[in-house]
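A quick write-up on the structure given underneath.
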Amino acid sequence: MSNGETRSSGPQYRAGPLIVSAAMIGTGTVIVLAGLAVGGGHLMTATRQWINEMEVPPSELARIKWAQAKAAMNAGAQAWQNGTQAAVPAPADD
């Protein structure tokens, strides 16, 4: 290296390719967000239509299943506390 040369520290970047890549990343992000909006809107519409076509709304179905679960839990707790025994079948005569 001669006395007139200066040595730089680190790599030298050109601005053009960096600007182009940043623009492409930004454009791609906008396209992805648009795709998510279109797909999400379709899923919401399809789900809403499916729920409206149900005979029993999900909230009512959940209420019914919760009542069934509570009844089963109470029956199981009472059977456990009362100590009821399962009936043992009599041996079959040959």
Side-chain angles (χ1 to χ4, degrees):
M1 187 152 85
S2 65
N3 291 340
E5 293 182 27
T6 59
R7 185 174 175 157
S8 65
S9 61
Q12 296 294 315
Y13 297 110
R14 293 186 323 220
L18 291 176
I19 292 171
V20 170
S21 67
M24 291 175 75
I25 290 171
T27 303
T29 302
V30 169
I31 291 171
V32 166
L33 291 175
L36 285 172
V38 170
H42 173 69
L43 286 175
M44 293 292 290
T45 302
T47 303
R48 189 176 302 122
Q49 181 180 1
W50 174 59
I51 289 173
N52 288 337
E53 291 173 357
M54 295 175 104
E55 292 180 12
V56 179
S59 59
E60 183 65 26
L61 188 60
R63 199 173 297 118
I64 291 168
K65 294 298 181 183
W66 179 250
Q68 289 173 345
K70 285 193 329 187
M73 181 189 65
N74 288 335
Q78 286 179 358
W80 179 71
Q81 289 174 353
N82 295 337
T84 57
Q85 302 264 334
V88 178
D93 291 335
D94 287 338

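Both backbone and side-chain heavy atoms feed into the values below; hydrogens, waters and symmetry mates do not. Worth saying up front: this structure is predicted, and the values here are computed from it rather than measured.
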What donor-acceptor contacts under 3.5 angstrom involve side-chain atoms of residues 30-38, with partners at least two apart or in another chain?
none

Please list, one pair per line, the donor and acceptor atoms closer than 3.5 Å that link side chains of residues 60-69 to other protein atoms, with sequence neighbours excluded.
{"unit_1": "Glu60", "atom_1": "OE1", "unit_2": "Arg63", "atom_2": "NH1", "d": "2.5"}

Query raised in the report: Tracing side-chain links under 4.5 Å among I, L, V, M, F, W and Y, which residues wind up in one group with Met54?
Result: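 Result for Met54 is Trp50, Ile51.
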Query raised in the report: Which ILVMFWY residues are connected to Leu43, directly or by a chain of links, through side-chain heavy atoms under 4.5 Å apart?
Result: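 ILVMFWY cluster around Leu43 holds nothing else.
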Considering only distance and modelled atom types, tabulate donor-acceptor pairs under 3.5 Å from the side chains of residues 19-27, sequence neighbours left out.
{"unit_1": "Ser21", "atom_1": "OG", "unit_2": "Pro17", "atom_2": "O", "d": "3.2"}
{"unit_1": "Ser21", "atom_1": "OG", "unit_2": "Leu18", "atom_2": "O", "d": "2.9"}
{"unit_1": "Thr27", "atom_1": "OG1", "unit_2": "Ala23", "atom_2": "O", "d": "2.8"}

Query raised in the report: Gln49: what forms a side-chain hydrogen bond (donor to acceptor under 3.5 Å, both in side chains) with it, not counting sequence neighbours?
Result: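 Gln49 satisfies side-chain hydrogen bond (donor to acceptor under 3.5 Å, both in side chains) with Glu53 once adjacent residues are dropped.
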